[in-house]
Structures are given as structure tokens and as C-alpha cells.
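Side chains are part of it too, since the values below use all heavy atoms of this structure and drop only hydrogens, waters and symmetry mates. Nothing fancy with the numbering, it's 1 onward along the sequence.
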Amino acid sequence: MGLFGGQTKQEPVSTPVYEEEPFDELPPLPKANSTTIIAKGITVTGVIRGEGNVQIEGRLEGEVDLKGGITVAVSGTVQGPIVADAVRVAGEVTGSITAREHLCLERTGAIHGDVATSSLIVENGRLDGSSTMLTPPERPYEPEPEITSQDLQFGDSYELEMEPK
């Protein structure tokens with residue numbers, strides 16, 4: 001009802017028309033993170049095998065066989081053998097460790113078992129077991145590139161004189 005008893009006039013409402021924009025292809029999905037985290041409060045029982053990096057903040061009861069690295073965080077515990085390229089222990093591991101490239105035992109870490117690695121760093125952590133040093137992994141030979149006189153750079157006033165042969 002209007003102000004003085006008359007009818008209120010309503011104006012028609014128009015809805016906007018939207019056109020879909022065509023697209024050629026869907027955008028690519030983001031790449032998956034190559035680190036798997038076993039979170040604090042989680043217990044995993046079994047075998048972890050594959051490629052990539054694993055960070056253990058919870059508990060793992062079983063064995064680890066990785067082409068990659070494993071980090072046992074301060075809150076993490078592992079009961080079982082570990083085989084990986086690189087191993088970092090800040091928590092507790094009960095079992096043998098074979099680190100093909102290097103092993104780092106941090107000051108908060110404890111290893112109750114034997115270790116075998118080609119590079120061992122101990123930062124006041126606890127190692128209850130023996131250590132065996134492995135031969136470092138072979139790196140592919142990459143020859144040094146040849147340096148020619150054109151590759152050399154000198155100051156503004158220097159002139160390179162080539163002697164004829």
C-alpha cells in the first residue's frame with residue numbers, strides 16, 4: 001500500500017544474462033608434494049616402500065625401504081629397520097639403519113641398533129649399536145668443459161694477441 005492509501009507501483013526486475021566463456025582445456029592440477037608425513041598421534045603398522053621422502057612425526061611399527069629420504073622428527077618413533085638414501089633422526093629409532101648416502105643423528109635423537117652409512121653426523125645424540133662405514137655411492141663422471149680463449153674475459157684495456165702457428 002502506498003503513502004496515502006494508493007497502490008504501490010512495482011517495476012519489472014530484469015535478470016542479467018550471463019554467457020559462458022568457452023575454454024580449450026582445463027588448467028593443470030598442482031604437482032603432488034613428494035613428502036609423505038605420518039602426523040603426530042598417528043600409528044602406522046606395516047612396510048613403507050617406494051620413492052620420495054617420508055617424515056615421521058607419529059609412530060611407525062614396521063620396515064622402511066626408500067629411494068629417497070626419511071626424517072624421524074622429535075616426536076617420531078620407528079620400530080623396525082630403515083633402508084634409505086638419506087636418514088635424519090631427531091626422534092627415536094629401534095632397529096638397524098642403512099643410509100646409502102648419509103645419516104644425521106641430531107642431539108634429540110636416539111638410535112637403538114646398528115647403522116651402516118657412507119657419511120655419519122652425530123650431534124650429541126644417542127647411538128646404542130655399532131656403525132659401519134660404507135663406500136660412498138658412485139657419481140657419474142662429468143668431464144670438465146674445455147676453456148678456450150673466447151671464454152676468457154679481461155679488463156677494457158686488455159687486448160689478446162694470438163700467435164700464428
Side-chain angles (χ1 to χ4, degrees), residues 23-160 162-163:
F23 54 89
D24 294 333
E25 59 186 58
L26 293 173
L29 294 173
K31 289 190 174 188
N33 193 350
S34 63
T35 300
T36 300
I37 298 175
I38 297 173
K40 190 174 182 177
I42 301 293
T43 299
V44 174
T45 304
V47 178
I48 296 179
R49 184 172 287 129
E51 291 185 23
N53 298 311
V54 175
Q55 182 169 322
I56 299 176
E57 298 173 1
R59 181 176 178 84
L60 172 64
E61 298 172 356
E63 73 178 77
V64 176
D65 186 4
L66 286 177
K67 183 174 182 180
I70 182 166
T71 300
V72 181
V74 175
S75 61
T77 60
V78 176
Q79 288 191 322
I82 296 174
V83 177
D85 293 334
V87 179
R88 183 175 172 190
V89 179
E92 187 169 356
V93 175
T94 302
S96 63
I97 297 177
T98 301
R100 291 182 283 270
E101 293 180 14
H102 63 272
L103 168 65
C104 179
L105 176 58
E106 295 187 4
R107 63 180 179 82
T108 58
I111 299 173
H112 308 286
D114 298 335
V115 298
T117 184
S118 59
S119 172
L120 176 63
I121 299 171
V122 179
E123 300 175 351
N124 286 342
R126 180 180 176 110
L127 175 59
D128 296 326
S130 64
S131 65
T132 303
M133 298 308 290
L134 303 174
T135 305
E138 290 284 325
R139 299 283 184 205
Y141 174 71
E142 295 180 19
E144 294 284 327
E146 284 190 31
I147 298 176
T148 64
S149 61
Q150 287 84 14
D151 295 331
L152 300 175
Q153 295 181 6
F154 299 99
D156 295 336
S157 61
Y158 186 85
E159 290 185 25
L160 183 63
M162 302 293 285
E163 293 182 23

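- If you run side chain to side chain contact (heavy atoms under 4.5 Å, CB included) between I70 and each of V93, V87, I97, V83, only V87 comes through.
- For the residue pair A90 and E106, the shortest heavy atom distance occurs at CB-OE1, 3.4 Å.
- To the nearest 0.5 Å, the span separating CG on L105 from CG on L120 amounts to 7.5 Å.
- With a 6.0 Å radius and a threshold of 12 heavy atoms from other residues, nucleotides or ligands, N124 has its CG atom at or below the threshold.
- For R88, the CZ atom sits in a loose shell: 12 or fewer heavy atoms of surrounding residues, nucleotides or ligands are nearer than 6.0 Å.
- Of the possible donor and acceptor atoms, none in the side chain of S119 sits under 3.5 Å from a partner among the backbone N and O of E101.
- Contact detail for V72 and G76: the closest heavy-atom pair is CG1-O, 3.5 Å.
- Judged by distance alone, with hydrogens and angles left aside, the side-chain atoms of N53 form a donor-acceptor pair with the main-chain N or O of G69 at under 3.5 Å.
- Counting heavy atoms from C-beta outward, I48 and L60 have side chains that approach closer than 4.5 Å.
- The CZ atom of R59 lies 8.5 Å from the OG1 atom of T45; values are rounded to the nearest 0.5 Å.
- Closest non-hydrogen pair, L66 versus R49, comes out as CD2-C, 4.5 Å.
- Side-chain atoms of I37 and E57, non-hydrogen and from C-beta on, do get closer than 4.5 Å to each other.
- Between E123 atom CD and R107 atom CZ the span is 8.5 Å, to the nearest 0.5 Å.
- Using a 4.0 Å cut-off between charged nitrogen and carboxylate oxygen, R126 and E92 do not count as a salt-bridge pair.
- Across all their heavy atoms, G68 and A84 have their closest contact at O-CB, 3.7 Å.
- The distance from the CD atom of E61 to the OG1 atom of T77 is 7.5 Å, given to the nearest 0.5 Å.
- For the atom pair I56 CD1 and T36 OG1, the distance stands at 10.0 Å (nearest 0.5 Å).
- A donor-acceptor pair under 3.5 Å is absent between the side-chain atoms of D114 and the main chain of G129, judged by distance alone.
- Here the OG atom belonging to S131 is positioned 10.0 Å from the CD1 atom belonging to I111, to the nearest 0.5 angstrom.
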